[in-house]
Engineer: 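Once you've had a glance at the structure underneath, I'll fire off some questions.
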Amino acid sequence: MKKTSGNGRAAKVRSFSATDEDAAMLDAVARYHGFSKSATLVGLVRREFWRLFPAGTGDIKPARGARVKA
């Protein structure tokens, strides 16, 4: 069974490489916020993406009704 994100799209299993120290930092941040490590990574990437590209990119558009800063 595939997991779906809040918007109904299927999530794919992915992997990454990290040093022991980086993995420990990720674990600490995830525990602090009460999220899984996967959810923590996705949240951080989303926050940084929208900070860098507030109007989205060619392939990724803001959600309908989202406030977009120019």
Side-chain angles (χ1 to χ4, degrees):
M1 173 186 253
K2 285 188 177 183
K3 293 182 180 181
T4 58
S5 60
N7 57 15
R9 293 181 296 203
K12 294 180 182 179
V13 175
R14 310 233 190 240
S15 65
F16 67 95
S17 298
T19 65
D20 289 344
E21 183 180 35
D22 291 339
M25 287 189 282
L26 173 59
D27 189 52
V29 171
R31 275 185 285 137
Y32 176 82
H33 288 292
F35 298 142
S36 69
K37 289 181 272 189
S38 178
T40 300
L41 283 172
V42 170
L44 291 168
V45 168
R46 283 183 180 164
R47 189 176 316 137
E48 181 68 359
F49 178 87
W50 292 115
R51 185 185 73 78
L52 294 171
F53 307 106
T57 63
D59 294 334
I60 302 169
K61 304 290 184 205
R64 176 174 277 170
R67 183 176 53 177
V68 176
K69 296 180 183 178

Engineer: Using a 3.5 Å cut-off and no angle test, enumerate the donor-acceptor pairs between side-chain atoms of residues 48-56 and protein atoms at least two apart in sequence or in another chain.
Structural biologist:
from : atom 1 : to  : atom 2 : distance (Å)
E48  : OE1    : R51 : NE     : 3.0
E48  : OE2    : R51 : NH2    : 2.8

Engineer: Quick one: side chain to side chain contact (heavy atoms under 4.5 Å, CB included) partners of A18, sequence neighbours excluded?
Structural biologist: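 Side chain to side chain contact (heavy atoms under 4.5 Å, CB included) check on A18 returns F16, D22.
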
Engineer: Applying side-chain hydrogen bond (donor to acceptor under 3.5 Å, both in side chains) as the test, list every pair that has at least one member in residues 54-66; sequence neighbours left out.
Structural biologist: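 Sorted pair list comes back empty.
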
Engineer: Return a table of donor-acceptor pairs under 3.5 angstrom between the side chains of residues 26-44 and protein atoms on other chains or two or more places apart.
Structural biologist:
from : atom 1 : to  : atom 2 : distance (Å)
D27  : OD2    : R31 : NE     : 3.1
D27  : OD2    : R31 : NH2    : 3.2
S36  : OG     : A39 : N      : 3.0
T40  : OG1    : S36 : O      : 2.9

